[in-house]
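One structure is given below, encoded as structure tokens.
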Amino acid sequence: MASQLESLNRWVDEVARLTEPDAIHWCDGSDEEYRALIEQMQRDGTLIPLNPKTHPNCWLHRSHPSDVARVEHLTLVCTSDPADAGPNNHWMAPADAHAKIDALFAGCMKGRTLYVVPYCMGPIDSPISRCGVEITDSPYVVANMRIMTRMGAPALARIEREGTFVKGLHSIGELDPDKRFIMHFPEELSIKSIGSGYGGNALLGKKCHALRIGSYQARSEGWLAEHMLIVGIQNPQGETHYVAAAFPSACGKTNLAMLIPPEGYREAGWKVWTIGDDICWMTPGEDGRLWAINPEAGFFGVAPGTSASTNPNAMATIARDTIFTNVALTADDQPWWEGLPGTPVTDWQGRPYDPANGPAAHPNARFTVSARQCPTWSEQAEAAQGVPISAIVFGGRRPSLVPLVFEARDWAHGVLVGAAMGSETTAAATGAVGVLRRDSMAMKPFCGYNYGDYFAHWLSFDQPGARLPKIFHVNWFRKGEDGKFVWPGFGDNLRVLEWIIGRCSGAAGATETPIGFLPGTDDLNLAGLELDARALATLFEVDAAAWAAEVADIGRYLDSFGDRLPERLRDEQQRVAAALAQADAPAREAAAG
Ligand code: OXD
Ligand code: MN
């Protein structure tokens, strides 16, 4: 018996009876334990050591080629009433789901070690944090969980004190896509995942707990679990504003969380502080503001596209003590991916590199690394009370229509803006890439309950006495007629963040349009950028007729939530539709006349 908590011991016993492991190991999270796991994985070929001179303590893991991303069609939310999971989730009745997945778990750990991984999502002494225990038969998962969460003895002590924890059962099973399921039982605060070793499916603290189960728990407890980075922007006066920003997977959250200010800004004294790059838990404080923690302790970032020009801070972060998954190798065993200088000799599957086989690194190749290694890591990431959020930013990949930035009129309009978010799909999930889909608050794959109820939960924060963040929408991905991105992005995104913060403090100007407030070109610092008049017109245009079609489409999307859709959101959509119709009327009259 390894814990003082009877319910935990009982559950571990039950799982061991079902899965029949050869041994059970309770993880303490120590350095020795981590080293032993790494050595074992090096011996059995799970990890390949990288060049110790250029990348000390770095390892390459090659996953099964069919197990490289999240599998949304195999990810289920199992509530008693299917309507509680909503049209945004795949659903199965809890009893059927348990029966189906337990049959796959039966005897699956024979010949393997069962690891008990106690973890805390968030600073160990924060009241906003929540704990869980993952049982897994994958040492790779244990090593990744140690980087991504506060894992081990202190988490176990908190679990024993609190007596509650989220139960996560994971096995790589046979790594067979036909025997793969990621199941969530929010009413039981439990997760069962089999058949995949990929981060988003297997590191159960991340998407499964911190977002799907977390969002469900947050609704009943009055807080928000969101797919957002948290970044601190320090102005030359030394004031830091914290911004939480939701973008779909692989749309640059990691880059924005650790951006390097353009030269003029650096010289003026602007600084950027990284709190988190993927998940944000926010709760109302006594002062009425929303206070946020990053429940994670590490980054599980997309490698391709990360380079000295796009994200030098990430490059510095991953220069040591990093686990790389599905990257390519150079002749001297350095990790390599598209966007880096040099040439690969071995591709992500371990084959001699041949461009005929596709990219050298898998497009969803990843690095796992402690957040503390980031040069811009903020001590405030450990603050028990979290950081106060000044602004919430939504964004997606929108090659047309959507301007560089706009501000919602108020909280309810901001909830509509978040609910209406759309983006082109990326390689972070299996399926077609580059298809536009609605991804409300970037939570489509992660909201653990009916989106209609989730929108109502968001609206419920608008209470007397609340000092809520202002809400904005950005689009770094607008393309010109030549098919190229119009906005330079990366460090220059600070120009947009400066305006956003200026709006929060009342210092920055804006013009009202039917879709919200937009900066005039004078309101944004564009000094030193080479943007011609055409580019500026594209970035700031609001085409009323095209937006009317968009808002009608948003209306149809909202309809799909039936009677769970809050009336207030429908009213907001109609308000924007009416404002657009009014704005478009003179244009239509002129055309007719
Ligand atoms: C991630 C994702 O890994 O969103 O963060 O897929
Ligand atoms: Mn993510």
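Counting starts at 1 for both ligands and their atoms, following the listed order. This one's a predicted model, so the numbers in the text were calculated from it and none came from an experiment.
Summary of contacts: the protein heavy atom closest to atom 6 (O) of ligand 1 is Arg70 NE, 2.9 Å. For atom 4 (O) of ligand 1, the nearest non-hydrogen atom of the protein is Ser249 OG, 2.5 Å. The closest protein non-hydrogen atom to atom 3 (O) of ligand 1 is Arg366 NH1, 2.9 Å.
Under the 30°/60° scheme for interplanar angles, the aromatic rings of Phe324 and Phe367 are found to stand perpendicular. Between Tyr557 and Tyr451, the two ring planes are perpendicular [angle over 60°; tilted spans 30° to 60°]. Using the six-membered ring where Trp is involved, His362 and Trp348 have ring planes that are perpendicular, over 60° apart on the 30 and 60° scheme.
Taking every non-hydrogen atom of Asp278 and a distance limit under 4.0 Å, the qualifying atoms of ligand 1 come out as 5 (O). Within ligand 1, the atoms closer than 4.0 Å to a non-hydrogen atom of His227 are 4 (O), numbered from 1 in the order shown.
Under the salt bridge (charged side-chain N to carboxylate O under 4.0 Å, His left out) test applied with Glu72, the options Arg437, Lys207, Lys444 reduce to a single match, Arg437.
Put simply, no part of Lys253 is less than 4.0 Å from ligand 1, judged by heavy atoms.
Taking the ring centre of Phe477 as origin, the terminal cationic atom of Arg397 falls inside the region bounded by 6.0 Å and 45° from the ring axis.
Between atom CD1 of residue Ile128 and atom CH2 of residue Trp281 there is a gap of 10.0 Å, rounded to the nearest 0.5 Å.
Residue Lys207: an N/O/S atom is found under 2.8 Å from the Mn ion (ligand 2).
When you scan the N, O or S atoms of Asp278 for the one nearest the Mn ion (ligand 2), you land on OD1.
With a 4.0 Å cut-off on non-hydrogen atoms, Phe446 touches ligand 1 through its side chain and not its backbone.
A salt bridge does not link Lys206 with Glu134: every distance from a Lys NZ or Arg NE/NH1/NH2 to an Asp or Glu carboxylate oxygen is 4.0 Å or more.
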